[in-house]
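All chains are named by letter (A, B, ...) in the order of the sequence lines, taking the proteins before the strands, and each is independently numbered beginning at 1.
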Amino acid sequence: MTTFTLPARQPFNFHNAVRSHGWYQVTPFHYDEAASLLTYVLRLSTGKVVELRLTPATDGIQVETAALTRAEQAEASDRVDWMFGLQRDFSDFYAATRHEPKLAHVEPNAYGRVLRSPTFFEDVVRTILTTNTLWAATKRMTLNLVNQFGDPLPNDSNRRAFPTPERLAGASEEQLRNETRLGYRSPYLIELARRAASGELDLEAFKTSDLPTLELRKELLKIKGIGAYAAANLLMILGRPDFIPIDSWAAKMVSHEWHDGQPVTPAEVESHFEQWGQWKGMAYWFWNWSYQG
DNA sequence: GGTAGACCTGGACGC
DNA sequence: GCGTCCAGGTCTACC
């Protein structure tokens with residue numbers, strides 16, 4: 001057993017960071033809210049599969065996992081640091097929200113962080129599985145994918161890590177359609193996995209890219225299955241909240257907030273948050289909506 | 001650059 | 001039981 005603590009830049013709220021995005025509900029994440037325990041099945045670069053048990057600690061996160069070598073612990077630390085964005089600085093965003101009653105709850109609750117997957121490949125796959133479907137179907141498709149292509153925990157074959165690009169690259173389109181039930185998304189995932197596995201597409205480099213956000217968005221839109229919504233969602237994950245992930249939920253919220261429940265266009269959704277500039281996506285994400293339906 | 005139509009799936013809904 | 005609609009959209013063809 002290995003236990004260590006990772007510090008977070010303050011303010012930090014473990015529960016709000018976990019729930020900032022729906023990923024915590026989707027395997028191989030699992031959140032026990034009563035116990036404030038987030039678990040995640042991680043495949044290390046050596047191929048070793050471990051369960052991470054993450055709980056709030058004083059000023060950060062406590063990580064409990066299987067016995068690890070020094071190098072493995074360093075890798076696990078880096079992964080958790082990225083997943084929570086532990087050192088991210090939101091002071092400029094907080095300063096901007098102090099004049100907006102609809103965002104008054106943001107700073108006191110340390111909102112801003114978005115829970116993300118350890119690899120950007122995983123976040124791209126997850127995002128493709130959120131498009132044009134119900135949230136329940138997103139969870140089911142991801143579960144099928146993990147169960148069929150993920151490496152198991154050594155002592156519990158029912159719990160598996162998220163599949164690697166290499167593993168998915170070896171799957172067939174028919175397999176993903178007929179067994180994983182991904183529908184028309186199947187060829188998108190096969191192409192993505194093959195490009196990532198071959199090195200043609202370096203998805204992990206997106207995390208540290210120096211490209212301006214507009215250019216980075218163009219690169220994301222080149223990926224089959226990634227459109228305006230998905231690109232905005234992935235840019236949020238990358239810490240570039242310049243765009244709003246406009247989906248049917250966003251349209252509904254904006255419609256009731258400012259248009260008396262009437263249908264709104266994506267341009268109208270954007271226009272309400274234009275003043276927030278580089279924080280546009282965050283202002284939308286954490287807005288205190290009047291409509292709760 | 002803007003827009004209509006097709007696209008997998010499966011749960012909700014009306015009949 | 002059965003048909004239709006639609007959801008945390010995107011792609012392609014066409015104008």
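Ring geometry for A:Trp249 versus A:Tyr284: interplanar angle over 60°, hence perpendicular rather than tilted (30 to 60°). The aromatic rings of A:Trp258 and A:Phe273 sit perpendicular, their planes meeting at an angle over 60°, well past the 30° parallel limit. Ring geometry for A:Phe286 against A:Phe93 counts as tilted: the plane angle lies between 30° and 60°, on a 0 to 90° scale.
In this structure, A:Arg113 fails the cation-pi test against A:Phe12, since its NZ or CZ atom is not both closer than 6.0 Å to the six-membered ring centre and inside 45 degrees of the ring normal. Cation-pi check for A:Arg116 over A:Trp82 is met; the charged atom lies under 6.0 angstrom from the ring centroid and within 45 degrees of its normal.
Here the separation of C:dC11 from B:dG10, taken at their P atoms, is 22 Å to the nearest Å. Taking atom P on both nucleotides, C:dG8 is separated from B:dA4 by 23 Å, rounded to a whole Å.
Counting only heavy atoms from C-beta outward, the side chains of A:Phe90 and A:Val106 never approach each other to under 4.5 Å.
With A:Thr127 contributing its side chain and A:Ala230 its backbone, the two residues share no donor-acceptor pair below 3.5 Å. Checked by atom type and distance alone, the side chain of A:Glu204 pairs as donor or acceptor with a backbone atom of A:Phe121 at under 3.5 Å.
Take the nearest nucleotide of DNA chain C for A:Trp285 and for A:Ile226: the residue whose nucleotide is more 5' is A:Trp285. Closest-nucleotide positions on DNA chain B for A:Leu182 and A:Ala136 were compared, and the one nearer the 5' end corresponds to A:Leu182.
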Using Watson-Crick and G-U wobble pairs with both distances under 3.5 Å, what is the 5'-to-3' dot-bracket string of DNA chain C, with [ ] for crossing pairs and | for pairs outside the strand? |||||||.|||||||
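When DNA chain C is scanned 5' to 3' for any atom under 4.0 Å from a heavy atom of chain A, the first and last hits are C:dA7 to C:dT12.
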